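Heads up, the thing below is written out as structure tokens.
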2 protein chains.
Amino acid sequence: MNEVDPSTEQLILEAARNVFLQKGMSGARMQDIADEAGINKALLHYYFRNKSRLFEMIFREALQKLLVSIKDIVDNDMSLEEKITTICVRYISMLSENPYLPLFVLHEIHQDPRRIIQFFKEKEIEFHLQKFFLQIQDSISHGSIRQVSPPQLMINIISLCVFPFAAGPLIKSIFGIDQWQFQMFVEERKKQVPEFVLAALRPAINNPS
Amino acid sequence: MNEVDPSTEQLILEAARNVFLQKGMSGARMQDIADEAGINKALLHYYFRNKSRLFEMIFREALQKLLVSIKDIVDNDMSLEEKITTICVRYISMLSENPYLPLFVLHEIHQDPRRIIQFFKEKEIEFHLQKFFLQIQDSISHGSIRQVSPPQLMINIISLCVFPFAAGPLIKSIFGIDQWQFQMFVEERKKQVPEFVLAALRPAINNPS
DNA sequence: ATATAGTTTAACCAAATGGTTAATACGGAA
DNA sequence: TTCCGTATTAACCATTTGGTTAAACTATAT
């Protein structure tokens, strides 16, 4: 009796996830979510007080998936080269299964940047970031990669992984390809992007002084 | 009498631009736009039949600015290296002055991908694209850059230029920097990105067989 | 069986929102 | 001055939308 039937709650969350990720907070209608879940609209308010709360659940979950998976990948003892390759491959894979994640999160953060403030207090993103930056600096000092600003490099890597998903429909349209060909294109990037980044980091040919 | 007072129409478009770029189609309220323009809500409907039409104007204009500036840059007789550098510098500059453009356009295309179909019929994007791809192929054959898929390379370049703007608020938050420092960061990218791309394209050191 | 607690629904409500209308202000032509 | 067409507004309307309520349903324990 005191136990909540998880299936309904999960059903709603699943439906909300679909609708919110597709239409965003302002574009989503509670009725849409109810329909998608095959339940009455009032039931949404029974489980989740209001639209904002329901949205919050989905947004946090999405932000989590988007940021924490980076943290997890970065936070281990691989070499920089291995790490970069792993980030790209795993991150592109994750996004292939959640292609709407980036645009959704970016759009909602843009709507209200306060949405992230609290988040970073909890997780220790900055800490893990610092460690990664140090590793980059070490590789530079060591001469194994060429001089580059760690934050710039990091944004470069993220850009190359994430942007194609945010721009999915545009890319399909420009290249005149369908969903399936797009997936091939993205699959190809799992090889291309790490190659590209590592090539960009290779120290220039020694000047023969 | 027959002449429309341009100032009011422009005033509305300016206001609509601000509001739509900030909040998107579904998040924008006609009242917001009227307020922003300092006029009555009915006047919006007098000049532009309805919300969709007004939105269409702004969206087309935005898409135009985002895509045509690429075309213009790509369509000249520079060397590939010059062209890449020019694209990055000019495109990042343009986006610095229109930072909301990417997220707005990407989000609205995602909402309704049909919005682009018509657009590509008019412009000859594909044609210019083909020319650019051929130039890349030539450079590869010529051995002046290493083997790389032209579409992948193109998406790489666009990603590196555009993504930081789509992720502006997120980047500020992660790095704990303010608007001004972010602008510095972006300014720095005008150098970093072309450097990065050209380094990635430099042919590998000859294998000494 | 029936009381009880959690679950689900149909019907309803108030506010927000896109859009309309009729009346008014304005500015130049006659 | 007096028209007359354009520009502008206040008031209004219909629909949508987030949210509420009270009743009905379900299952379990006694």
Side-chain angles (χ1 to χ4, degrees), chain A residues 1-62 104 107-108 110-112 114-115, chain B residues 1-62 104 107-108 110-112 114-115:
Chain A
M1 288 306 168
N2 213 355
E3 264 321 307
V4 188
D5 177 6
S7 82
T8 300
E9 196 167 326
Q10 283 310 114
L11 203 67
I12 294 177
L13 282 174
E14 173 80 16
R17 199 175 298 125
N18 291 339
V19 174
F20 277 133
L21 283 194
Q22 189 77 26
K23 309 196 176 187
M25 167 67 168
S26 67
R29 298 291 95 100
M30 290 299 265
Q31 190 61 55
D32 296 341
I33 299 174
D35 291 348
E36 176 91 7
I39 59 167
N40 189 286
K41 187 175 58 128
L43 205 53
L44 297 181
H45 294 86
Y46 178 76
Y47 281 93
F48 306 87
R49 217 170 167 56
N50 53 38
K51 191 182 178 183
S52 304
R53 273 177 186 266
L54 184 51
F55 172 80
E56 197 90 344
M57 298 269 156
I58 304 303
F59 177 74
R60 307 273 296 192
E61 173 190 291
F104 169 69
H107 179 253
E108 298 302 340
H110 178 250
Q111 290 311 301
D112 182 4
R114 286 171 305 174
R115 292 209 171 105
Chain B
M1 288 304 167
N2 215 355
E3 264 321 307
V4 188
D5 177 7
S7 81
T8 299
E9 197 167 326
Q10 283 310 113
L11 203 67
I12 293 177
L13 282 173
E14 174 81 15
R17 199 176 299 126
N18 290 339
V19 174
F20 277 133
L21 283 191
Q22 189 78 24
K23 308 197 178 189
M25 167 67 168
S26 67
R29 297 290 95 100
M30 290 299 266
Q31 190 62 56
D32 296 341
I33 299 174
D35 291 349
E36 176 90 9
I39 58 166
N40 189 286
K41 187 174 59 124
L43 206 52
L44 298 181
H45 294 87
Y46 178 76
Y47 282 94
F48 305 88
R49 216 168 169 57
N50 52 37
K51 192 182 177 184
S52 305
R53 274 179 185 264
L54 184 50
F55 172 80
E56 197 90 344
M57 298 268 158
I58 304 302
F59 178 73
R60 307 273 297 194
E61 173 190 290
F104 169 69
H107 179 254
E108 298 302 342
H110 178 251
Q111 291 310 301
D112 182 4
R114 286 172 305 174
R115 292 209 171 104

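To find a chain, count down the sequence lines: A is the first, B the second, and so on, and within it residues start at 1. Only a predicted model underlies this, so the values are computations on that prediction, with no experimental measurement involved.
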Taking atom P of C:dT20 as reference, at what distance in whole Å does atom CD of B:Gln31 sit? 16 Å

How long is the line joining CZ of B:Phe55 and P of C:dG18, in whole Å? 13 Å

Choosing from C:dT8, D:dA7, D:dT20, which nucleotide comes nearest the side chain of A:Tyr47? C:dT8

Distance check, rounded to the nearest 0.5 Å: A:Gln22 atom CD versus A:Glu36 atom CD? 9.5 Å

Please list each protein N or O that sits under 3.5 Å from an N or O in nucleotides 11-17 of chain C, with the distance.
{"from": "C:dT17", "atom 1": "OP1", "to": "B:Arg29", "atom 2": "NH1", "distance (Å)": "2.9"}

Over how many whole Å does the gap from B:Glu9 atom CD to D:dT8 atom C1' extend? 15 Å

Distance, rounded to the nearest Å, where A:Asp35 contributes CG and D:dT17 contributes C1': 13 Å

Could you please name the option among C:dG6, D:dT8, C:dT9 that lies closest to any side-chain atom of A:Tyr46? C:dG6

Any donor-acceptor pair under 3.5 Å from A:Arg49 side chain to A:Tyr46 backbone: no

Chi angles and distances behind the side chain to side chain contact (heavy atoms under 4.5 Å, CB included) call for B:Phe104, B:Phe59: CA-CA 8 Å; B:Phe104 169 69; B:Phe59 178 73; 4.1 Å; yes

Nearest 0.5 Å, please: how far is CZ in B:Phe20 from CD in B:Glu108? 8.5 Å

Gap separating the CE atom of B:Met25 from the CD1 atom of B:Ile58, nearest 0.5 angstrom: 12.0 Å

Of B:Gly38 and A:Asn50, the one whose closest nucleotide on DNA chain D sits nearer the 5' end is B:Gly38

Tell me the interatomic distance from B:His45, atom NE2, to D:dT6, atom P, rounded to whole angstroms. 21 Å

Side-chain N or O of A:Thr8 closer than 4.0 Å to phosphate OP1/OP2 of C:dT7: no

Look at the rings of B:His107 and A:His107 and say which category their plane angle falls in: under 30° parallel, 30 to 60° tilted, over 60° perpendicular. parallel

Nearest-Å distance, CE (A:Met25) to C1' (D:dT17)? 12 Å

Can you tell me the distance, in whole Å, between the CD1 atom of B:Ile33 and the P atom of C:dG18? 8 Å

Considering only NZ, NE, NH1 and NH2 on the basic side and carboxylate oxygens on the acidic side, decide whether A:Arg53 and A:Glu56 come within less than 4.0 Å. no

Can you tell me how far C1' of C:dT20 sits from CG of B:Leu43, to the nearest Å? 14 Å

